[in-house]
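First the structure, in the form of structure tokens, and then the observations on it.
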Amino acid sequence: MAVTNYRYEKTGIRPENLRDAMPLKHAQRKVQEFLCNGEPMWKIRPRGGKGRILVGHGLDHDLDCLQLEYPSSMIRDTAKYPPLMKTSKLSNSLKYLTQAYLGYDVHVGIQDPYEDCVATMRLYTRMRYQKHKIEAYPLAFDVHNRSNQVAWRQNELEGMSPDEMLSISRSDYYCWCLDSLA
């Protein structure tokens with residue numbers, strides 16, 4: 001597959017970096033083997049399995065380019081983690097997150113993939129070791145949020161005041177601090 005635009009300013013990749021690169025199929029296999037760590041894909045689970053947690057920023061694009069699928073319960077994407085997002089649908093840039101949460105600048109000049117990787121891991125580590133009461137996040141233990149019973153309680157919820165709804169509300173995202181308990 002020929003590269004038509006290296007987007008050097010964004011990727012930091014030049015033609016000479018890919019001159020002796022491995023074929024896509026080989027790269028897919030190596031990444032899959034590394035992530036699965038000897039476990040079949042269908043058997044990977046968040047706790048107690050051999051599969052590795054995949055950490056990154058904006059991983060959808062990377063996984064699409066590699067044409068790989070990985071269980072969402074094993075992905076920690078700093079672009080999609082609710083406490084790090086601008087709104088429920090809009091993510092912050094890695095540059096902004098690194099400045100705001102870690103106190104230093106990335107992407108000064110040409111973007112460096114290694115620098116991005118280090119910044120993303122530092123963000124994940126910082127969020128993973130947050131200190132707060134776990135009881136405040138009962139749904140966070142359920143990665144797929146199977147505890148959410150809103151569908152069958154719709155009529156009951158429609159009759160509640162905003163204050164009543166707030167008193168029973170709980171987080172519906174998986175808090176990364178739970179990774180440190182595994």
Side-chain angles (χ1 to χ4, degrees), residues 1-85 91-98 101-102 104-130 137 140-146 173-182:
M1 179 180 334
V3 177
T4 56
N5 184 353
Y6 290 90
R7 297 178 27 172
Y8 175 70
E9 298 78 22
K10 290 286 183 189
T11 65
I13 297 173
R14 297 178 185 265
E16 56 268 19
N17 298 124
L18 298 179
R19 191 166 293 127
D20 297 321
M22 68 178 75
L24 177 61
K25 292 286 182 203
H26 186 76
Q28 290 169 323
R29 189 173 60 252
K30 286 188 78 81
V31 170
Q32 194 85 36
E33 287 171 2
F34 178 79
L35 291 174
C36 294
N37 197 24
E39 195 164 48
M41 180 68 80
W42 61 270
K43 214 174 177 188
I44 292 177
R45 58 189 180 281
R47 294 178 190 244
K50 293 182 190 176
R52 292 183 166 103
I53 293 173
L54 175 59
V55 178
H57 186 82
L59 287 170
D60 286 345
H61 178 71
D62 298 324
L63 291 171
D64 284 347
C65 287
L66 281 170
Q67 300 167 8
L68 288 177
E69 290 186 17
Y70 199 61
S72 60
S73 63
M74 297 296 286
I75 294 175
R76 306 294 182 265
D77 191 336
T78 57
K80 289 186 168 184
Y81 188 52
L84 297 176
M85 293 179 67
S91 65
N92 280 303
S93 68
L94 182 58
K95 181 178 179 127
Y96 170 81
L97 293 173
T98 304
Y101 288 89
L102 302 176
Y104 70 93
D105 291 320
V106 294
H107 305 159
V108 179
I110 300 300
Q111 189 167 342
D112 180 2
Y114 177 77
E115 182 181 51
D116 291 355
C117 175
V118 170
T120 302
M121 285 304 297
R122 286 180 176 163
L123 276 169
Y124 168 71
T125 302
R126 177 165 182 170
M127 300 310 287
R128 178 179 174 172
Y129 291 107
Q130 290 183 100
Y137 300 95
F141 283 103
D142 187 0
V143 176
H144 301 291
N145 197 12
R146 289 182 296 263
Y173 69 90
Y174 178 83
C175 185
W176 291 350
C177 71
L178 299 174
D179 288 347
S180 59
L181 302 176

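Just so it is clear, the values below take in all heavy atoms, side chains as well, and ignore hydrogens, waters and symmetry mates. All values reported here derive from a predicted model rather than from experimental measurement.
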Could you measure the distance from the [atom1] atom of [X] to the [atom2] atom of [Y]? Nearest 0.5 Å is fine.
{"X": "S72", "Y": "L59", "atom1": "OG", "atom2": "CG", "answer": "12.0 Å"}
{"X": "R19", "Y": "R14", "atom1": "CZ", "atom2": "CZ", "answer": "11.5 Å"}
{"X": "Y81", "Y": "M127", "atom1": "OH", "atom2": "CE", "answer": "5.0 Å"}
{"X": "H61", "Y": "L66", "atom1": "NE2", "atom2": "CG", "answer": "9.5 Å"}
{"X": "K95", "Y": "L97", "atom1": "NZ", "atom2": "CG", "answer": "12.5 Å"}

Would you say that [X] contacts [Y] through its side chain, given a criterion of any heavy-atom pair below 4.5 Å between the two side chains?
{"X": "Y6", "Y": "L18", "answer": "yes"}
{"X": "H57", "Y": "D116", "answer": "no"}
{"X": "M22", "Y": "K30", "answer": "yes"}
{"X": "I13", "Y": "V3", "answer": "no"}
{"X": "V118", "Y": "V106", "answer": "no"}
{"X": "W176", "Y": "T78", "answer": "yes"}

Is Y104 atom OH crowded by more than 12 heavy atoms from other residues, nucleotides or ligands, each under 6.0 Å away?
yes
Give a yes or no on whether E16 atom CD has more than 12 heavy-atom contacts from other residues, nucleotides or ligands under 6.0 Å away.
yes
Which residue, V55, L84, D77, forms the side chain to side chain contact (heavy atoms under 4.5 Å, CB included) with Y124?
V55
Could you work out, with salt bridge (charged side-chain N to carboxylate O under 4.0 Å, His left out) as the rule, every residue matching D60, not counting sequence neighbours?
K80
Report the residues that fulfil salt bridge (charged side-chain N to carboxylate O under 4.0 Å, His left out) with R45, sequence neighbours left out, ordered by chain and then residue number.
E39
With P71 via side-chain contact (heavy atoms from CB on, under 4.5 Å) - residues at least two apart
M41, I44, S73, M74
Closest non-hydrogen atom pair between [X] and [Y], with its separation:
{"X": "L102", "Y": "R122", "value": "CD1-CB, 3.6 Å"}
{"X": "A119", "Y": "T98", "value": "CB-OG1, 3.6 Å"}
{"X": "E115", "Y": "H107", "value": "OE1-N, 3.4 Å"}

Using only atom types and a distance under 3.5 Å, with no angle test, would you say the side chain of D179 pairs donor to acceptor with the backbone of R128?
no
Do the side chain of Y70 and the main chain of L35 share a donor and acceptor less than 3.5 angstrom apart?
yes
